[in-house]
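First the structure, in the form of C-alpha cells, and then the observations on it.
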Amino acid sequence: MTRFNPLTADSAWQRVWDDRQTFAARDDSGKPQSYVLEMFPYPSGRIHMGHVRNYTMGDVLARFRRMRGYEVLHPMGWDAFGMPAENAAMEKGVHPGNWTRQNIATMKAQLKRLGFALDWSRELATCEPDYYGHEQALFLDMVASGLVYRKESAVNWDPVDMTVLANEQVIDGRGWRSGALVEKRKLNQWFLKITDFADELIEGLGKLEHWPDKVKLMQENWIGKSQGLTFGFRVSNGETIDVFSTRPDTIFGASFVAVAADHPIAQALAGDPAVAAFIARCKQGGTTAAELETQEKLGFDTGLTAAHPFDAERQLPVYIANFVLMDYGTGAVMGVPAHDQRDLDFARKYGLAVQRVVSDGDQTDAVFAGDEAYTGPGALVNSHFLDGMDVEDAKRAVITRAEDGGWGKGSTVYRLRDWGVSRQRYWGTPIPIVHCEDCGVVPVPKDQLPVVLPEDVSFAIPGNPLDRHPTWKHVDCPACGKPAVRETDTLDTFADSSWYFIRFASQPKDRPFDRAVAESWLPVGQYIGGVEHAILHLLYARFWTRALKHMGQLDIAEPFTGLFTQGMVTHETYKSSDGRWLSPDDISDGIETATGQPVTIGRVEKMSKSKKNTVDPEPIVDRYGADATRWFMLSDSPPERDLPWSESGIEGAWRFVQRLWRLFDGEGIAPGEGGDVALDRKLHQTILAIEQDIEALAFNKAVARIYELCTAIERAVPSPSRGNAIYTLMLLVAPMVPHVAEEAWAAKGFDGLIADAAWPEVDPALLVEDEVTIAVQVNGKLRDTLTLPKDMPREEIEAAALASDKIVRILEGRPPKKVIVVPGRLVNLVA
RNA sequence: GCGGACGUGGCGAAAUCGGUAGACGCAGCCGACUUAAAAUCGGCUUCCCCUGGAGUGCGGGUUCGAGUCCCGCCGUCCGCACCA
C-alpha cells in the first residue's frame, strides 16, 4: 500500500499540463464555448486564502465543463496599476514597476502550485504598455464619440502629499497617510458619461437572471432613478429657482424653498457677511455617517420669497439649508413639511406652516399636528383642483398643468454621477491627451500610442512624478507642432478592469480586440469574485461594454451573464491577556508562548493582517499539497457564505485525499458494470447529483455526495460494479482534486490525461430505486417506516401502513378518520 | 433612517414542490488492530424527566402535515446614507 505524495506528484502534473498546453483555449475548435472567469487579482505581494477559494471554485467549474466537451476559456492576469505600488515606492524606495512585476512573479508561482487549469498564454498585466496602450485607444474612441468630457470639479486635496484623495482615504477630514487637513480644491478632471447609460444599466439588470438579487438591488439603488417634476419658482429678486420634486402632488402643501450653500442664489448673497458665515458653516460639516446622523438641520432665511406656481399671491420664504445637496437634482427643493420628515423637522425648528394635503384615512385637517410626516398613500385634500385624487393621479395632474403652463416638466433624476477618471498619480494609464496653448485639448493620434509611462521617476518628494518629470510631459502639439504639454493625470484603475475580460478573449497586437473572436467568447458565462465589487467594478464594466456597443465596436450588451459572489475566508482571533491581537503561531495550548499568559479566543472574523488571523496558503500547500488545500476550500460551507479556516479542517481534507488514493490503489479498477446493482445505482445517482451541484456552484453538496459514494464503495464487496465505481470516482473528483486523479489515472494505465477525459454518462435506468422507504405518520407524527416496492398502488400502501404493529397499537382498533397517501413518500393517518 | 439577507446540534452545514429534520464534514466518546504510538477500520453522538416526550430565534396562524407558506416580534450581518 502506497501513499499519495503531493510533494512529487503536484509539480510533476503541473509541468505536464504546462508542457502540453492542456488548458490553452482554442478560438477555432468548433466545440461549444464556455468562458469561466474569476476576478483578476491585484498583485499585492502574495496570494491569500481568499484568492485560493475564489480560483478553486472557478477551476472546478472550468475543468468540469472541459470534461463535458466544452472549449473552455479560463484565463488569468493582473490588475496591476494602483496606489499600493506608489506607497511601496515612497516607503521602501523601490520603483512601482519593479515592485509590481516582482509581486506578479511571486504570485504566479504560487497560483501555479495550486494546479489551476488556467490558460497562461493569455496572461496580461494592466501596467504593461501592450495592455494600457489599447486602453488609451478605447479612451480616444470614447472622446470621439462624445462619451468623455472635461469639467472643473471639486476634489479632496491633501496639501502635504500633494495628491487627490478618494473619499475613502479621507478620515475625519484628514488625509489617511499625511494626517493633514484635507482641502476642497477645484481641478479640471476627465469624466466618462456613465449617466447617459443610467436607464439602460437599470433595465439590463432585469435580464441578468443569473446574478444575485442582492447585487442587482445594490446597483439599482446606486443608480437611484427618481421620477418627478422639475419646475421653477419665481423669486422676488427677479430670478428663478428650479427645483426637482418626486412629490409634485403635494405642491399645495409647500411652505418654503431651500437651496444648497453652493447654489447660485446663495452665492449671489455671499457679499453679506452673515450669509457668507452661514455658507462657511454648512461646508465645514463632517461627512462621516455618525456626524450626518446627528447633524442638525440648519437654515438661513435669505429674506427672498418665491411665488407659488398656482397662486402668485402665496409667497414662500427662501432659505439656504445645509441639508440640500448641490450635486443632486437642481440643488434646490420645495419644502412640504406635512409629507416629508426632513422638511417637517426643518419647519418645526423655524416655525413654518405645516399644511396637510394628503389625507391619512380620516385625517383631513389642514393643520398638521405631530412630529412624524405622513408619507403614505391617500386622497388629496386642501389642494384646489387636486382634491379627491389619489397620490399618483395628482402627480400626473400637476405635471400636465406644469407642462401646459410652460413652467415645469416631468423629469427623471439619477443618483448616479458621471465617472470621474482623472487621478493625479504616476502608477496608472496615462490619459492620451496633449494640451496646446493654441489648439486647446488635443487627443494623441492613435499612431502615437501607447503613451508610455517614463521609468525614471522619483518619489522622494510628494506630488505627481509625471508632473515634475523633466522631459516627459513636454511634447509638440500633434495638431500644430508647437511646444505643448501632456496631460499628466492617469486613469482611475477601475478603467483597467472594465475591459480586461474582452482582451482575454482576443488580443491582437494592433488593436484592443478582434470583434468576431471577442464576440464568440463573450459574454462571460460565469464570473466569480467578492461582493466588495458588487457596485463599482461591475457597474463600470457594464458601462464600458455598453459604451463599446454604442460605438459599434462590440455587439454585447452585458459582459457577465452569470455572476457569483463568494464568501470570505475567516479564522478565529486570539487576544493576549493585555488585549493585543495574537497570531495562531504565538500560541500553544491556550497559552501565549512568549509570556506564558492565557489567551482569549475571540470571534471568527475575516482574515486580516491587523487582527493577525491570516493563514498564508503557501506553507499549507507545502505541507498538505494542492489537492487537500483545494478540497478544504470546497468543503463544508456553501460558497456564498464565509468559510471558517481551521487546522482540523485541512487535516480532514488531507485524510480524504489519502482515502481516495487508497481506493484508487486497489485492484480491478476498470470501466464496466455488473455484480452490484445497489452500488451501480448509488454511482449513477451520484454522477447526476454532482453535475447539478457543480453547475449550481454548490461545491459543499458535491463534496458530501463524494463522501457518501466513497463509503458505499468501501463497504461493497469486490465486483465489476465496484471496479467501475472507483474508475468513475476518479473522473468525478478530477475537477476538484486534479493531481491525485491524474496520478491514479496514469498509475492504472489509462490513456492520456484525466484532464482531457470525458465526464461519465448517467444511465437514467439506474437512477430509480425499486424499493422505497415510506414514512407512516399518525396525525402528522412519525410512528413507523416501511420499506415497500416503488410502484405499489395506493390501496396496498395504505393497507401495509394499517397493518404495522406500531400503528395498530397506537390506533387501538379505531379506524382513521382520514388517510393521506403520498406515493414514494409517506402515509398520514388522521385519527 | 432606508433597503436587503440570514437565524437549524458543541461547530461548519443538509433537507428539489409543504411530506421521515440534522445527510456529509469537524470536534468528542467507545471499541478493533498495535509492545506502543501514528495511520487505518467499526460503532455512538439534537436535547430531556428515555417502552415515551420535546425540538429548526420567539409568539400566533393556515394545513392531514410547516425548517419551508402567512402575520407580529426579537437578534445578527451586509449595503446605502441629508437623494428632495
Side-chain angles (χ1 to χ4, degrees), chain A residues 1 3 212-222 224-226 228 230 243-247 250 258 260 285 287-289 291-293 295-297 321-325 327-336 340-343 345-346 413-416 531-532 534-535 570 604 631-632 635-638 640-653 655-656 658-659 662 689 692 696 698 700-711 714-715 773-786 809 816-822 824-831:
Chain A
M1 185 66 76
R3 271 190 143 198
D213 290 339
K214 179 187 171 178
V215 174
K216 288 191 274 190
L217 199 70
M218 280 164 74
Q219 291 215 351
E220 197 180 324
N221 292 340
W222 186 263
K225 181 176 180 172
S226 299
T230 300
V243 303
F244 170 72
S245 173
T246 56
R247 292 296 302 276
T250 63
T287 51
T288 66
E291 282 171 309
L292 287 176
E293 189 82 26
Q295 204 165 64
E296 231 186 318
K297 307 269 174 282
N322 65 341
F323 64 85
V324 181
L325 305 172
D327 52 1
Y328 181 78
T330 58
V333 299
M334 72 163 173
V336 185
D340 181 284
Q341 190 58 47
R342 199 192 33 201
D343 294 349
D345 295 345
F346 189 82
V413 163
Y414 299 92
R415 203 190 82 106
L416 183 71
V531 241
E532 65 272 21
I535 297 175
T570 58
V604 172
W631 187 255
F632 180 56
S635 306
D636 296 348
S637 286
E640 68 278 10
R641 262 187 250 177
D642 290 350
L643 172 69
W645 174 270
S646 72
E647 193 67 23
S648 50
I650 183 69
E651 295 275 356
R655 283 199 298 273
F656 175 71
Q658 295 302 330
R659 182 180 172 196
R662 283 193 298 278
Q692 291 167 346
N700 56 322
K701 293 198 239 170
V703 160
R705 297 289 192 165
I706 300 260
Y707 277 115
E708 283 183 58
L709 179 62
C710 285
T711 304
E714 284 162 352
R715 288 178 184 176
T773 306
I774 300 280
V776 185
Q777 301 177 332
V778 177
N779 294 330
K781 282 188 175 144
L782 180 71
R783 297 297 180 179
D784 200 5
T785 54
L786 302 171
R809 203 179 326 129
K817 290 185 198 135
K818 191 172 172 187
V819 179
I820 288 123
V821 179
V822 183
R825 285 274 179 192
L826 57 69
V827 178
N828 190 14
L829 306 167
V830 184

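Letters A, B, ... are given to chains in the order of the sequence lines, protein chains preceding strands, and every chain is numbered from 1.
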Kindly give the heavy-atom pair with the smallest separation between [X] and [Y], and that separation in Å.
X	Y	value
A/Leu786	A/Asp784	CD2-OD2, 4.1 Å
A/Tyr414	A/Tyr328	O-CE1, 3.7 Å
A/Gln219	A/Ile535	NE2-O, 3.8 Å
A/Cys710	A/Arg659	CB-NH2, 3.8 Å
A/Val324	A/Ala258	CG2-CB, 3.9 Å
A/Leu782	A/Ala775	CD1-CB, 3.7 Å

How long is the line joining [atom1] of [X] and [atom2] of [N], in whole Å?
X	N	atom1	atom2	answer
A/Arg342	B/rC2	CZ	P	14 Å
A/Asp340	B/rC83	CG	P	8 Å
A/Lys225	B/rA84	NZ	C1'	18 Å
A/Asn779	B/rG19	CG	P	19 Å
A/Trp222	B/rG4	CH2	C1'	16 Å
A/Arg3	B/rA38	CZ	P	14 Å
A/Asn221	B/rC78	CG	P	18 Å
A/Leu217	B/rC6	CG	C1'	16 Å

Pick out the pairs of N or O atoms, protein on one side and nucleotides 43-49 of chain B on the other, that lie under 3.5 Å.
| unit_1 | atom_1 | unit_2 | atom_2 | d |
| --- | --- | --- | --- | --- |
| B/rG43 | OP2 | A/Arg715 | NH2 | 3.2 |

Shortest side-chain distance from [X], nucleotide among [options]:
X	options	result
A/Ser637	B/rA84, B/rG65, B/rG12	B/rG12
A/Asn828	B/rC64, B/rC83, B/rG12	B/rC64
A/Ala775	B/rA84, B/rG79, B/rU20	B/rU20
A/Arg655	B/rA54, B/rC83, B/rA27	B/rA27
A/Glu708	B/rG53, B/rA23, B/rU20	B/rA23
A/Arg783	B/rG53, B/rC82, B/rA21	B/rG53

Considering only the [atom1] atoms, how many Å lie between [N] and [M], rounded to the nearest integer?
N	M	atom1	answer
B/rA21	B/rG55	P	12 Å
B/rA23	B/rG72	P	35 Å
B/rU46	B/rG9	P	12 Å
B/rG12	B/rG28	C1'	16 Å
B/rG59	B/rU68	P	13 Å
B/rU20	B/rC70	C1'	25 Å
B/rU16	B/rG67	C1'	15 Å
B/rC48	B/rG42	P	28 Å

Base, sugar-phosphate or nothing for [X]? Non-hydrogen atoms, less than 4.0 Å.
X	value
A/Phe244	base
A/Thr785	base
A/Asp213	nothing
A/Val830	sugar-phosphate
A/Val703	nothing
A/Ile820	base
A/Ser646	nothing

Check your understanding: Closer to the 5' end of RNA chain B via nearest nucleotide, is it A/Lys781 or A/Arg247?
Key ->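 That would be A/Lys781.
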Check your understanding: When you match A/Gln658 and A/Ser226 each to their closest nucleotide on RNA chain B, which lands nearer the 5' end?
Key ->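 Mapping each residue to its closest nucleotide by heavy atoms, the 5'-most match is A/Gln658.
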For [N] and [X] - does any side-chain N or O of the residue sit under 4.0 Å from the phosphate oxygens OP1/OP2?
X	N	answer
A/Arg662	B/rC41	yes
A/Arg825	B/rG18	no
A/Asn700	B/rG12	no
A/Thr246	B/rC83	no
A/Arg641	B/rC77	no
A/Arg415	B/rC2	no
A/Tyr328	B/rA84	yes

In [N], glycosidic geometry as syn within 90° of 0 or anti otherwise:
N	result
B/rG61	anti
B/rC80	anti
B/rC50	syn

Searching all strands shown, indicate the nucleotide that pairs with [N] (Watson-Crick or G-U wobble; both distances under 3.5 Å).
N	answer
B/rC80	B/rG1
B/rA54	B/rU46
B/rC26	B/rG10
B/rC33	none
B/rA39	none

Exercise for review: Classify the side chain of A/Lys701 versus the base of B/rC24 as yes if they form a donor-acceptor pair under 3.5 Å and no if they do not.
Suggested key: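 There is none.
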Check your understanding: Rounded to the nearest 0.5 Å, what separation is found between the CE atom of A/Met218 and the CG atom of A/Asp213?
Key ->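 The distance works out to 13.0 Å.
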Practice item. Enter the distance from A/Ser648:OG to A/Arg655:CZ here, rounded to the nearest 0.5 Å. Key: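 The OG atom of A/Ser648 sits 8.5 Å away from the CZ atom of A/Arg655.
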Review point. Relative to the ring of A/Phe656, is the ring of A/Trp631 parallel (under 30°), tilted (30 to 60°) or perpendicular (over 60°)?
Key: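 The arrangement is parallel - the two ring planes meet at less than 30°.
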Review point. For A/Arg705, does the CZ atom have more than 12 heavy-atom neighbours from other residues, nucleotides or ligands under 6.0 Å away?
Key: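 At most 12 heavy atoms, drawn from other residues, nucleotides or ligands, come within 6.0 Å of this atom.
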Review point. A/Thr570 and A/Arg641: side-chain donor and acceptor closer than 3.5 Å?
Key: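 Looking only at side-chain atoms, A/Arg641 and A/Thr570 do not form any donor-acceptor pair under 3.5 Å.
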**Study point:** Non-hydrogen side-chain atoms of A/Leu829 and A/Arg783 separated by less than 4.5 Å
**Key:**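 Not in contact.
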